[in-house]
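What follows is a single structure, written as structure tokens, with notes after it.
Quick note: numbers below take in every heavy atom, side chains included, and nothing from hydrogens, waters or symmetry partners. In what follows, chains are A, B, ... by sequence order, proteins preceding strands, each numbered from 1.
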Number of protein chains: 2
Amino acid sequence: MNKTYRQGQILKLIRSRRLHTQDELARALRSIGIPATQVTLSRDIRELGLIKTPDGYAEAVPDSAAAPEVEPLVREFVRDVRAAQNLLVLRTPPGHANAVAVALDNAEWPEVTGTIAGDDTILIIAPDAKTAESLRQKFLEMLQ
Amino acid sequence: MNKTYRQGQILKLIRSRRLHTQDELARALRSIGIPATQVTLSRDIRELGLIKTPDGYAEAVPDSAAAPEVEPLVREFVRDVRAAQNLLVLRTPPGHANAVAVALDNAEWPEVTGTIAGDDTILIIAPDAKTAESLRQKFLEMLQ
DNA sequence: TATTATTATTCATTTGACTGAATAAAAATT
DNA sequence: AATTTTTATTCAGTCAAATGAATAATAATA
């Protein structure tokens, strides 16, 4: 069973009814044909940034929600990294730039003053040229 | 060595100089620290939709460029699929909707009249409700 | 056409992501 | 505080993607 879909159904379930424990959630999922153990749900809950409330599991307020990790996204989607002055230009396959930029924004690195994403290009504004270059190195290391 | 990055560097290389054979390309890559065999490059070239011209390998004109496969993207990114009348709503993690929509647009399925993508939501317009429902099934099967 | 050069495919191996069983850790309850 | 319930972690197994060696298929050239 597909992980992203399972996580989507977890979100759907906790929005529609109160689920207080991971075992309860496991049963709810099983009833819609998605088998998963408590171990897997523990991981899903962390990845989705869910929090446990007296009313059951709930989504965290946006800013504290689980931020996607930068490195896996860079490793999967970044085709090229170029520096120009204090700017960095990352290229991705078509349509993927935004996802990488979202992760970068959430990460709130000091080296990243801001980002703008198009369809296959991300512009990263760094504080200065030196930082941009070291940031470039950081990305290249992620790409090995 | 990372696949997406290697493919990005292949694009960069063929834009900057004429590379006539896959072995030539392999050598060019090796010189910038990216080891790859001819076998791997044969696959990369297909995935990138490159074409062989008298001036060496080149990118295909956009429309005939290699379209990303729908199924792997759906499997990796789609969290939920809902139908309403002749419309289908797909949900993805933040930032990934566009990539899936790009693949759907390129696929030019008869069941998909058009798509609109936001940040984490894709609206698919189908010709009619029946088609929308069968399309929903198609997606659910991809997700197993 | 025969030969050589180039590219694509098959098969086996490697690698990493995902998952579950067992269990440790933490929280809740008695 | 002791017990029970719930959650997180470790370790090992499974599976799919990525890759290369060998080789088949195709294209270019003599």
Side-chain angles (χ1 to χ4, degrees), chain A residues 1-10 14 18-30 33-58 60 66 68-79 93 96 142-144, chain B residues 1-10 14 18-30 33-58 60 66 68-79 93 96 103 141-144:
Chain A
M1 178 59 59
N2 181 277
K3 178 180 166 183
T4 307
Y5 183 65
R6 183 185 64 241
Q7 295 189 347
Q9 298 314 298
I10 290 171
I14 65 164
R18 295 182 174 184
L19 293 165
H20 293 271
T21 69
Q22 297 181 2
D23 273 325
E24 253 187 279
L25 178 55
R27 282 192 295 276
L29 284 168
R30 205 165 308 124
I34 301 176
T37 64
Q38 176 267 324
V39 176
T40 297
L41 298 184
S42 170
R43 293 175 180 127
D44 284 340
I45 284 165
R46 182 178 47 215
E47 285 175 29
L48 292 169
L50 303 185
I51 53 176
K52 192 173 182 175
T53 75
D55 289 342
Y57 282 100
E69 292 285 333
V70 172
E71 181 154 349
L73 283 162
V74 167
R75 294 175 69 97
E76 181 164 4
F77 297 120
V78 171
R79 282 185 167 173
H96 288 290
M142 288 182 186
L143 298 165
Q144 287 167 3
Chain B
M1 179 56 61
N2 181 279
K3 178 178 165 183
T4 309
Y5 183 66
R6 182 185 65 240
Q7 295 189 346
Q9 298 314 298
I10 290 171
I14 65 164
R18 296 182 175 184
L19 292 165
H20 293 271
T21 70
Q22 297 181 1
D23 274 325
E24 253 186 280
L25 179 54
R27 281 192 296 276
L29 284 167
R30 205 166 306 125
I34 302 176
T37 64
Q38 176 266 324
V39 176
T40 297
L41 298 184
S42 170
R43 293 176 180 127
D44 284 340
I45 284 165
R46 181 176 50 214
E47 286 175 27
L48 292 169
L50 303 184
I51 53 176
K52 192 173 181 175
T53 74
D55 289 342
Y57 281 101
E69 290 287 332
V70 172
E71 180 154 350
L73 284 162
V74 167
R75 294 175 69 97
E76 181 164 5
F77 297 119
V78 171
R79 282 185 168 172
H96 288 291
E141 277 162 29
M142 289 182 185
L143 297 166
Q144 284 169 2

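Base-pair partner of dA12(D): dT19(C) (Watson-Crick or G-U wobble, both distances under 3.5 Å).
Between His96(B) and His96(A), the two ring planes are perpendicular [angle over 60°; tilted spans 30° to 60°].
Separating the NE2 atom of His20(B) from the C1' atom of dT7(C) is a distance of 16 Å, rounded to the nearest angstrom. If you measure from atom CG of Asp23(B) to atom C1' of dA28(D), you get 15 Å, rounded to the nearest angstrom.
For the pair Arg43(B) and Glu47(B), the salt-bridge criterion is not met [side-chain N within less than 4.0 Å of a carboxylate O].
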Q. For nucleotides 8-30 of chain C, read 5' to 3', which letter fits each nucleotide if B means a protein heavy atom sits under 4.0 Å from the base, S means only the sugar-phosphate is that close, and - means neither?
A. BBB-------SBBBB--------
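In this structure, a donor-acceptor pair under 3.5 Å is present between the side chains of Gln7(A) and Asp44(A). Side-chain atoms of Gln38(A) and Asp23(A) include no donor-acceptor pair closer than 3.5 Å.
Proximity of Leu29(B) to Pro35(B): side-chain heavy atoms (C-beta onward) are nowhere separated by under 4.5 Å.
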